[in-house]
Asks: 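Structure in structure tokens, see below.
What you see is a predicted model, and the numbers here were worked out from it, not measured in a lab. Basis for what follows: all heavy atoms, side chains included, without hydrogens, waters or symmetry-related copies.
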Amino acid sequence: MASDARVSKKAAAMALVAVVGVSLTSIPAAASGPTARQPAKTTDGVQAVAAPGAPSLPSGLSALSWMVADAETGNVLATKSPHRRLAPASTLKTLFAVTVLPKFSSDTVRQVSSADLAGLGAGSSVVGVRHGHRYTVADLWRGVFLRSGNDAVHVLAAMNGGWQATAREMQQTARELGARDTTVKSPDGYDAPGQVSSAHDLTVFARAGLAQEDFARYCATARAPFPGPGGTTQIENTNRMLVGSHGLPRYPGIIGVKNGYTSKAGNTLIAAARRNGRTLLVTVLNPQSQVVNGVYKEAGALLDWGFRTAGDAEPVGTLHAVSAAYDARAQGARGASPWRPALILGAGAAGIVVMGLGAMLARWRDPRGRGRAG
């Protein structure tokens, strides 16, 4: 596994095998052998890189669980209770999108039936999908990503074979990605008995999603048109960190991913940002501080810390892609993609094939280039 970090970006660009889906497994142990940079572990379950001149973690972190990871290398820079199983709220929609988004062309039209919207949970966040009306798949995905619309999730799940079939498929995708902390009961993230995920798994889902061109575009969209009863209306993303609203400025370099809230989960957030050639992912679950915009403030503080931390600091763990089953199914569903996140690495004695994100993130570097489940 330690050889992964030594593969050059040039090798990534020259890799001959490309898949759109990127699969990952749970964090293995840190690299063995002597090193000048060892992870620091505190008594409250927090682990963070420790290197000469490394900044201290931000104060005031109150979330029950969180993670900071490098999206390209998969290195985990810091984390607290990464495998603690908690209610995910609408951050689970990242897994829904990774599972279902590649299946339907964006211009496919669905006339919504009342059966499509059956079972929508009381108090659900909605985008305003109405039965009898026609929507493109792109409309529905904008409803999912921007307004966290459970109504849009229900319609897409109906197209995908039904609510329970979609939940089972999401569970399969999670396992193929190595996400062992996640149990899916309700594909939209609505509170359901036994439904849990973790900071680790949600980071895995977001990283896999960012390897899909459509996912990356939808999750970065701040505002978009949506068909309304009186014509096209403008909808705005509920992610305050992305939009810059409710007293928060837009976070510098932010590129998505998904926020959530339920009465059980509290506030949850996965955020990705890119600065100076580095893309970081932060997942924050259920801050306890009761501070206004607390989940966004804690995520922003962790991103700031991550960008101040040297990229070559010894990680506390690594997200590795090792699932051939997911790679094969993802490639079959999606076909070729201009993102082409292609990288094959040998993984030591186990002979594991690792598919990386280097090529996709190299393109990014090129300058040309609210209810119960809200």
Asks: Please check if any side-chain donor atom of Ser148 sits under 3.5 Å from a side-chain acceptor atom of Lys258, or the reverse.
Replies: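 Yes, a side-chain donor-acceptor pair sits under 3.5 Å.
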Asks: Answer yes or no: is there an ion pair linking Asp181 with Arg85, defined by an N-O contact shorter than 4.0 Å?
Replies: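 Between Arg85 and Asp181 there is a salt bridge, with a charged N closer than 4.0 Å to a carboxylate O.
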Asks: Can you tell whether the side chains of Lys103 and Glu169 come within less than 4.0 Å, N to carboxylate O?
Replies: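 Looking at Glu169 together with Lys103, the answer is yes, because their closest N to O distance falls below 4.0 Å.
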Asks: Which residues pass the side chain to side chain contact (heavy atoms under 4.5 Å, CB included) test with Thr232, not counting sequence neighbours?
Replies: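 Testing Thr232 for side chain to side chain contact (heavy atoms under 4.5 Å, CB included), a comparison that skips the adjacent residues, returns Pro225.
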Asks: Is the closest side-chain donor-acceptor distance between Thr182 and Ser197 under 3.5 Å?
Replies: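 Yes, because at least one side-chain N or O of Thr182 sits under 3.5 Å from a partner of the opposite role on Ser197.
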Asks: As a test of understanding, state which of Asn237, Thr238, Thr221 forms a side-chain contact (heavy atoms from CB on, under 4.5 Å) with Val243.
Replies: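 Only one of Asn237, Thr238, Thr221 forms a side-chain contact (heavy atoms from CB on, under 4.5 Å) with Val243, namely Asn237.
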Asks: Only counting residues at least two apart or in another chain, list the ones meeting side chain to side chain contact (heavy atoms under 4.5 Å, CB included) with Asn286.
Replies: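 Asn286 satisfies side chain to side chain contact (heavy atoms under 4.5 Å, CB included) with Leu64, Gln288 once adjacent residues are dropped.
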Asks: Pair Lys185, Asp191 - check salt bridge (Lys or Arg N to Asp or Glu O under 4.0 Å), show working.
Replies: CA-CA 9 Å; Lys185 299 294 185 180; Asp191 284 338; over 6 Å; no
Asks: Sequence neighbours left out, what pairs pass side chain to side chain donor-acceptor pair (under 3.5 Å) with at least one residue falling in residues 53-62?
Replies: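 Every pair satisfying side chain to side chain donor-acceptor pair (under 3.5 Å) with a residue in residues 53-62: Ser62-Glu298.
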Asks: To the nearest 0.5 Å, tell me how far Met67 CE sits from Ser198 OG.
Replies: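 Result: 7.5 Å between the selected atoms.
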Asks: What about Val153 and Met159, same hydrophobic cluster or not, with Ile/Leu/Val/Met/Phe/Trp/Tyr joined at side-chain heavy-atom distances under 4.5 Å?
Replies: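 Val153 clusters together with Met159.
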Asks: Quick check: closest heavy atoms across Lys93 and Asp188, and the distance to 0.1 Å?
Replies: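 Lys93 and Asp188 have their closest heavy atoms at NZ-O, 2.8 Å.
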Asks: Are Phe104 and Trp163 co-members of a hydrophobic cluster defined by side-chain heavy atoms under 4.5 Å apart?
Replies: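 Same cluster: Trp163 reaches Phe104 through Ile, Leu, Val, Met, Phe, Trp or Tyr contacts under 4.5 Å.
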Asks: Should the pair Arg130-Asp151 be classified as a salt bridge under the 4.0 Å nitrogen-to-oxygen rule?
Replies: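 Salt bridge between Arg130 and Asp151, a charged N being under 4.0 Å from a carboxylate O: no.
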Asks: Report the C-alpha separation of Phe226 and Tyr135 in whole Å, then their side-chain angles, then the decisive distance to 0.1 Å, and conclude whether the ring-ring contact (aromatic ring centres under 6.0 Å, His included) test is met.
Replies: CA-CA 9 Å; Phe226 188 82; Tyr135 301 88; 5.7 Å; yes
